[in-house]
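Per chain, numbering begins at 1; letters A, B, ... match sequence-line order.
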There are 2 protein chains.
Amino acid sequence: MVTIKDVARDAGVSVGTVSNVLNGGRVSEARRKLVEASIEKLGYQVNTLAKGMRMQKTDYVVVILPNLINPYFALLLDALESELSAVGKQVLLCLSGDDAEREVAFMDMAKQNKVDGIIGVTYSKVEEERIENMAFVSIDRHYKSHIPCVAGDNWQGGWLAAENLHKRGSTNLLCFMTMSSVDSEVRKRRVGFTEYCMEHDLSCNSVEMSEKQIVSVYESYGSRKLIHNMLRAYISPSLGEHSIDGIFTSSDHLATIVREELEEMGKRVPEDIQIIGYDGLQFLNQGKPIVSSIAQPVHEIAKQAVKSLTDMIENGKAEDVTNIPVTFHEGPTTKPLETISE
Amino acid sequence: MVTIKDVARDAGVSVGTVSNVLNGGRVSEARRKLVEASIEKLGYQVNTLAKGMRMQKTDYVVVILPNLINPYFALLLDALESELSAVGKQVLLCLSGDDAEREVAFMDMAKQNKVDGIIGVTYSKVEEERIENMAFVSIDRHYKSHIPCVAGDNWQGGWLAAENLHKRGSTNLLCFMTMSSVDSEVRKRRVGFTEYCMEHDLSCNSVEMSEKQIVSVYESYGSRKLIHNMLRAYISPSLGEHSIDGIFTSSDHLATIVREELEEMGKRVPEDIQIIGYDGLQFLNQGKPIVSSIAQPVHEIAKQAVKSLTDMIENGKAEDVTNIPVTFHEGPTTKPLETISE
DNA sequence: CTGAAAGCGCTAACAG
DNA sequence: CTGTTAGCGCTTTCAG
């Protein structure tokens, strides 16, 4: 391996001078040329380990995500990698599998590896001391501590969902969410949803299920049954005009499950009941929407997260940015606007 | 920051002894207890940078993938991360965006960072000197050089596709693939497909399109048009009994495009024409198949890739493993087997 | 401007 | 077994 010493010897200068040309220090033009020639000739590359050790920092950023099975996280990671590499940082990937212990282990690892910072969608309550001296930016999750949070405008998302269900003909609405203990940010969706309903005199119901019960919904008969029963409770001829005809779910994933359950109950979607999900996932991530949905602005979120991280690194602080605009994406689970006049 | 020196001082032993308890060297039970207590008390963590520098290696593995928009890559990365973290390695993520220059830059970076190795789905022809002394395992791509390749059994995949189209009633088959210059492994799909057709006296056509033209198919009107024309050429009443009634595509992505085009042409899928894609992607990555498909054994591929990488690291070589069994996943673009007797 | 030298924290001889 | 010590490759004073 060719080191800075080799370059120095070959160029006939000291290592200090080589280091200076490498890092933009003051070097006479003549010597700079000499050194650059030797670097080229020898094919020298800095050893980032040695550099990192000396500087007590690296250009790594740890990205913590629950998994990549959920396309929303995959898309987010894709966007984050793009933004980070644009500012010369490398992604050290950590998939927590929704396991708080793994998250903690990753944060310790991050400290050991002298990473520049952490960007993450984490579920565990992050303890202050775990991340002392480390820049940390949270996506979608709001903590009480000084960790800056970046998120789409959840209040607006809830409002938009209610508005679109309403304008497309639904009047008996249901807000159906899964919730973990650190989801204070996500809760705003229900607030926006409910406020729209109140302002427009719409019947509005709301259900929250523990995230733990939902997570394994495709494998678990029990949780599926729970959803089934829940829907039965709100949808029935015996309820008359109070029977639900519009549902807002906390994710596209949940929306598809609800859709399947409704169709098994003999309901037509969207003719009898409309559904709006959350995240804006598309068929193969680039075709048609899977369900009608409030789309997360993945790229803007990634961009802001990296910006906030940079602020944290440089100034030790960054503002919360939780009002990035979301949009309604029309999909197969709502009626088109045109048909309302029929 | 607490270093090994601090621990040594606190425990009243030498740094060598601390290093020994850390790395399983010979230490008397009494001192080991002492040191462990100090480590606990001081909250010591090894500095991986210093360790890496001394050892001239780290526990990082670079994973190079084109993107995470394609769910197949996202799923693969999820599985790779899981396998790698199980053997104590960290994922340094590189998304190449199908850009050969970026791939090369990443490989250089990998060398600089003293990573243990690289696992990647790369498009550029990897030059030997780029990866001197580095363990490299390729997924799905076969190179002429000594780089071991891990892949699903592509020959079997092609065979299975033809067999299932046939058994479900199609007799005029078409193999429709996109192809890049380094896809020698993927080409085996067509071989398997064709061989089944020959053995069973089926009419068999085959088309290859340059990958460059397909990549941006959702954005590009031109490439879409190309597919349209191509399909028109093979499907028309004027062809009589030679008109295609079963299509095998090189990806699920392409399968969905073909399906859309066929439906715009007024053909019914699967009644008139059946389609089988490749990769086995599911709705939201865990529900129903998007299209009928030959499913890649993502977890087995990931497991074998990590095993091959370990072999490379330890023995400097590893065998190609390109016969990991694939399976047919029934989806909405083929007729059920039962209906054949009708 | 330039060179010499002091470590960053750790491991691996080596001598005791 | 245990302590001492020489670097790994790099940046950064500090003299010159």
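Comparing atom distances between the A:Lys5 side chain and each of D:dC8, C:dG9, D:dC10 picks out D:dC8 as nearest. Closest approach to the A:Asn47 side chain among D:dC10, C:dA12, C:dG9 is made by D:dC10 (side chain taken as heavy atoms from C-beta onward).
Annotation: salt bridge (Lys or Arg N to Asp or Glu O under 4.0 Å) contacts of B:Lys114 (sequence neighbours excluded): none. For B:Asp320, there are no salt bridge (Lys or Arg N to Asp or Glu O under 4.0 Å) partners at least two apart in sequence or on another chain. Applying the side chain to side chain contact (heavy atoms under 4.5 Å, CB included) test to A:Lys307 and every residue at least two apart in sequence or in another chain returns A:Gln304, A:Asp311. Checked against side chain to side chain contact (heavy atoms under 4.5 Å, CB included), B:Ala302 has the following partners two or more places apart in sequence or in another chain: B:Ala79, B:Leu80, B:Glu83. In this view, A:Arg31 and A:Val13, A:Val27, A:Ser28 satisfy the side chain to side chain contact (heavy atoms under 4.5 Å, CB included) rule, not counting sequence neighbours. In this structure A:Asn285 satisfies the side chain to side chain contact (heavy atoms under 4.5 Å, CB included) test together with A:Pro71, A:Leu75, B:Ile69, B:Pro71, sequence neighbours excluded.
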For nucleotides 14-16 of chain C, give me every protein contact, N/O to N/O, under 3.5 Å, one pair per line with atom names.
none

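Applying the ring-ring contact (aromatic ring centres under 6.0 Å, His included) definition to pairs two or more places apart or across chains, those involving residues 3-61 of chain B are A:Tyr60-B:Tyr60.
Within the nucleic acid shown, A:Ser19 comes within 4.0 Å of at least one base atom, counting heavy atoms only.
Here C:dA12 presents its P atom at 7 Å from CG of B:Asn23, a figure rounded to the nearest Å. As rounded to whole Å, 18 Å separates atom C1' of D:dC8 from atom CD of A:Gln45. If you take CD of B:Gln56 and C1' of C:dG9, they are 14 Å apart, rounded to a whole angstrom. Distance NZ (B:Lys114) to C1' (D:dC10): 12 Å, rounded to an integer number of Å. If you take CG of A:Leu49 and P of D:dG9, they are 11 Å apart, rounded to a whole angstrom. In this structure, CD1 of A:Ile4 is placed 11 Å from P of D:dG9, rounded to the nearest angstrom. Here D:dG9 presents its P atom at 15 Å from CG of A:Leu22, a figure rounded to the nearest Å. Atom CE of B:Met55 and atom C1' of D:dG7 are 15 Å apart (whole Å).
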**Asked** What string of B, S and - do you get for nucleotides 2-7 of chain C 5' to 3' if you count protein non-hydrogen atoms under 4.0 Å?
**Response** SB-BBB
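Counting heavy atoms from C-beta on, the side chains of B:Val35 and B:Asn20 never come closer than 4.5 Å.
The closest donor-acceptor contact from the side chain of B:Asp108 to the backbone of B:Ala105 lies at 3.5 Å or more, if one exists at all.
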